[in-house]
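Below is one structure, written out as structure tokens; comments come after it.
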Amino acid sequence: MTEITAPKAPVTSDEFTGEIREQLKYTQGVTPEQATAADVYVAAAAAVRRHLVDAWMKTQKDMVSGDTKAVGYLSAEFLMGKQLSNALLNAGLTEQFEAAVKALGFEPQQIVDAEYEPGLGNGGLGRLAACYIDSLASIGVPAFGYGIQYRYGIFKQKFDDKGRQIETPDYWLANEEPWGHIDYNRDQRVSFGGKVVEENGRRVWKPAWSVRAVPVDYMVPGYTSQRVNTLRLWTAKSYDEFDLLTFNESEYLDAVKPQVAAENITKILYPEDSTPQGKALRLEQQYFFVAASIHDAIRVFYPGEANPDLTNFADKIVFQLNDTHPVIGIPELMRVLMDEHGYDWDTAWGITQKTFNYTCHTLLPEALEVWPADLIGELLPRHLEIIRKINDQFVAELESKNVAADQIERMRIYTDDERPSVRMAFLASYAGSYVNGVAELHSELLKDVTLKDFSDVYPQKFANVTNGVTPRRFVRLSNPRMSALITEGLGTDRWISDLSLLKGLVPLADDAEFVRKFADVKQANKDAFAVFAKSHYGIDLDSSTMFNTMVKRLHEYKRQSLKILALISTYADIKSGKVNVDDVLPRTVMFGAKSAPGYAMAKLTIRLINNVSRVVNNDPDVKGKLAVHMLPNYNIEMAENLIPATDLDEQISQAGKEASGTGNMKFALNGALTVGTLDGANVEIRQLVGAENFFLFGMTVDEVDKLYAEGYDHGGSRKYYEADPRLKQAVDMVADGTFSDGDKDVYKDLVNDWLTHDYFMTMADFGAYMDIQAEIENTYREPAKWARMAVLNVANSGYFSSDRSIEDYLERIWHTGALA
Ligand SMILES: *Cc1c(COP(=O)(O)O)cnc(C)c1O
């Protein structure tokens, strides 16, 4: 396959080999004969970085000197995945690399495998940020990703002999990390605590302690764009010097705290997904990276200016708030403009409003961050004052718009109750220019439900940008066989940077030869995954069976329990002879999911999946028909290997709960068919690929609401259990110890929840989910039909490129574009 991407700086294979040898010798101090795969990996990474430097510097120069507004993507998580293959692809150096490492006596895969995956995110939200900075660079938009370089990323997941999740620390920096460049000379001071005093009629913050924020810079090379942006992740260092001034003015404990605690700030990524944890450290993390980033942007765009004119700040950079985690940046920019640069409130407010936009990622009201006001007051007293003033201004504005008193009460940013708190989503919705949801349905529900009060008063602020995924990592790199076939079919590889070109595959869905090749690619991917699974997990997969996958964070709303109950039911039917074993479509079901460590129900579900797996896989009665695996430690690497090998993927969340999903997009783009509900971006996927090429089941949002109104979650689920013998049998088997060596207590909480509460309506959707299985199996029994549907999924999913998402942001929200 020829790729049109040109090296950022052209080089031959021999030259590249020479550069790797040079790195081995002068940087790492090993001879080519001594070099291990890990040495060659580090050397190759350094060599690639060198090729990107000129384009990186030029991008920065053009960004500062030109008049194209930049984007600052503020995100507490960037789930990047391994860097080497992606950097090589985008730098146009893949072939040179492959030849070079072979010349050094290695296979390319050995070198790629030597990289350790950084886990600086929990799941979809962090991966979205990573896809977006890839697309920004590939389109050529000047941009910074701003975040935190956690020393410990998302925990590594293992299972004990009872099938329970064990979390182990992920010290990803234990070995050399060649991509990040720590820049001690571009540090920022971030302060906390203390008090606000009145000085010459002005409010002046006297912080108690400070932390040194040091940037670690990662190059973000665009595909074919010749642009290289920056991902700037901050790490916390302590200032050695004991700050006497602070000590004299403040409490002793406050003054010594930084020396003890400074570096703790960036120590761990909170292993939470959608429920906030009221931890002071988490607020410290948020303020730490946002304050450093805002000061950094001022430094970058007003170089060397002692008194910059910041009234045009919003023409230099626009900040996108990826969920509520960076929302404390709003009062911080106000403070910087007023207290550090002397602007009056109204001027500062005008700049701030133009600078920020907010992406909401949830529909679960309990997942909207709310901070106790006294905690903010303790850590950031000046910010609390500013937030209260913003709230006063907001309330006055609402009153002037004749908004009803009870509605104003609901909308308050600073609540006026016994223990006042600050609602970060409301602060962002008022202070920012735009609020966007992440899929059509989600954006509608934001306007109609979650942020209805705001959309009633400020309808023009609300926008939708449906999520996307980068086709470089999640198609071109993860699925080279299918990529080659697409390029062959389209006669060009331009689809990698313009994914709408996949549409050109539609006619090929009726070309029997193409469809057969497509099916062959899928089979080859399945065979390859079987090899991967053997070496990584020590399991044997039968790649002649249907590969049925459910990978995503473990959460009740995502309904892994629906899938596991359906499996138990199928298992029971085979065992009891209710279905003829010869009529069963052979399936391999694979789960991958981490649970937040403190989320008991999710952990219990993991335990159940592992034990269903143990029982089913050891039962000779179902051998060759049904296999179930819980693959440990779902991460980007697993996604890249498993998704291209999947026949059927599960997107079965309760309607109205998944904001968008991006896993669903990765699967559709890799030729898996989806069984799913009308939730999140599933709705758009189904619209685009065609209802006849999507296995839809389950209740709609309206039907869900109706059931709630009838009191479903207060005992309503039991009716479904009583009425459906299949469901009753499956639940009873969980309750009676079938999957816990006879111990009836193990899954008590899970069973009890299903029968009394079942907030996410697993019981109510079970029947529909079982019914769609027959259709799925009948379709799969016609391989040509299945493959044709898969081709149509790929052909019609170009919309889900993150390049398109970024184009939507540029047009609807940021109002900027590529560098000239
Ligand atoms: C894409 C991705 C996710 C998001 O999956 P959803 O199904 O959308 O929740 C989470 N984790 C990893 C490792 C991913 O690659």
Side-chain angles (χ1 to χ4, degrees), residues 75 77-82 86 117-132 134 153-157 170 172 269 271-274 322-323 361-364 367 438-439 441-442 466-475 477-479 536 548-560 562-563 590-596 602 631-646 648-654 657-670 672 674-677 679-685 760 797 800-802 805:
S75 179
E77 302 184 11
F78 284 91
L79 192 55
M80 296 297 289
K82 295 186 185 189
N86 187 68
E117 177 173 327
L120 307 185
N122 276 291
L125 174 138
R127 184 54 234 177
L128 185 78
C131 284
Y132 280 0
D134 177 80
I154 180 74
F155 63 85
K156 256 205 240 169
Q157 182 194 50
D170 173 43
W172 69 291
L269 166 75
E272 288 292 319
D273 195 39
S274 59
N322 192 26
D323 214 333
H361 279 276
T362 186
L363 283 163
L364 310 173
V438 290
L441 175 67
H442 175 236
T466 299
N467 283 170
V469 300
T470 171
R472 270 71 66 185
R473 181 176 293 271
F474 287 112
V475 184
L477 290 170
S478 65
N479 202 339
H536 285 71
N548 179 190
T549 301
M550 185 168 188
V551 287
K552 45 184 73 254
R553 285 301 292 256
L554 202 311
H555 201 290
E556 288 163 282
Y557 84 80
K558 290 177 182 280
R559 300 201 297 190
Q560 280 92 352
L562 176 56
K563 180 71 190 159
M590 289 175 276
F591 291 89
K594 290 179 188 177
S595 159
L631 307 177
N633 203 44
Y634 179 48
N635 63 3
I636 303 286
E637 184 186 31
M638 191 199 294
E640 288 170 352
N641 285 279
L642 178 53
I643 292 172
T646 294
L648 177 70
D649 86 295
E650 307 273 335
Q651 303 298 339
I652 60 178
S653 53
Q654 185 199 29
K657 294 298 188 295
E658 186 75 86
S660 165
T662 49
N664 47 6
M665 301 169 184
K666 297 170 198 164
F667 281 104
L669 279 167
N670 281 278
T674 303
V675 53
T677 49
D679 199 18
N682 294 355
V683 177
E684 288 155 84
I685 292 176
F760 299 103
S797 292
F800 300 106
S801 167
S802 47
S805 307

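On a predicted model such as this, the values are computed, not experimentally measured, just so you know. Whatever order the structure lists them in is the order used to number ligands and atoms, beginning at 1.
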Distance to 0.1 Å, residue and atom name: give those for the protein heavy atom nearest to [atom].
| atom | result |
| --- | --- |
| atom 13 (C) of ligand 1 | Asn635 C, 3.5 Å |
| atom 5 (O) of ligand 1 | Gly663 N, 3.8 Å |
| atom 12 (C) of ligand 1 | Tyr634 CE2, 3.5 Å |
| atom 8 (O) of ligand 1 | Thr662 N, 2.8 Å |
| atom 4 (C) of ligand 1 | Gly124 CA, 3.6 Å |
| atom 7 (O) of ligand 1 | Lys552 NZ, 2.7 Å |

Within the structure, does Lys666 bring an N/O atom to less than 3.5 angstrom of an N/O atom in ligand 1?
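Looking only at distances, the answer is yes, because the N/O contact criterion of under 3.5 Å is met.
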Please report whether ligand 1 has a polar contact with Ile636, defined as an N or O pair separated by less than 3.5 Å (distance criterion only).
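No, Ile636 has no N/O under 3.5 Å of an N/O on ligand 1.
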Show the atoms of ligand 1 that are less than 4.0 angstrom away from any heavy atom in [X].
| X | result |
| --- | --- |
| Gly661 | 8 (O) |
| Gly123 | 10 (C), 11 (N) |
| Ala639 | 15 (O) |

Consider ligand 1: state whether an atom of it lies below 4.0 angstrom from any non-hydrogen atom of Lys558.
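Yes, that is the case, since the closest heavy atom of the residue is under 4.0 Å from the ligand.
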Only one of Leu120, Leu128, Leu269 forms a side-chain contact (heavy atoms from CB on, under 4.5 Å) with Glu77, so which one is it?
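Answer to the side-chain contact (heavy atoms from CB on, under 4.5 Å) test with Glu77 among Leu120, Leu128, Leu269: Leu269.
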Any side-chain to backbone donor/acceptor pair from Arg127 onto Met80? Under 3.5 Å, distance only.
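Checked: pair present.
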Treating Asn633 as the side-chain partner and Lys156 as the backbone partner, does any N or O pair qualify as donor plus acceptor under 3.5 Å?
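Answer holds: no.
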Please test Asp134 against Arg472 for salt bridge (charged side-chain N to carboxylate O under 4.0 Å, His left out), starting from the C-alpha separation and ending with a verdict.
CA-CA 9 Å; Asp134 177 80; Arg472 270 71 66 185; 2.9 Å; yes
Do Asp649 and Thr674 have side-chain N/O donor and acceptor atoms under 3.5 Å apart?
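Yes, a side-chain donor-acceptor pair sits under 3.5 Å.
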For Asn122 and Arg553, which I'm curious about, is there any donor-acceptor pair between the side chains at under 3.5 Å?
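A donor-acceptor contact under 3.5 Å links the two side chains.
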Per the side chain to side chain donor-acceptor pair (under 3.5 Å) rule, which among Lys558, Lys552, Glu658 passes with Gln651?
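When Lys558, Lys552, Glu658 are each tested with Gln651, the side chain to side chain donor-acceptor pair (under 3.5 Å) holds only for Lys552.
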Indicate the atoms forming the closest heavy-atom contact of Pro644 with Asn670, along with that distance.
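It is CG-OD1, 3.9 Å.
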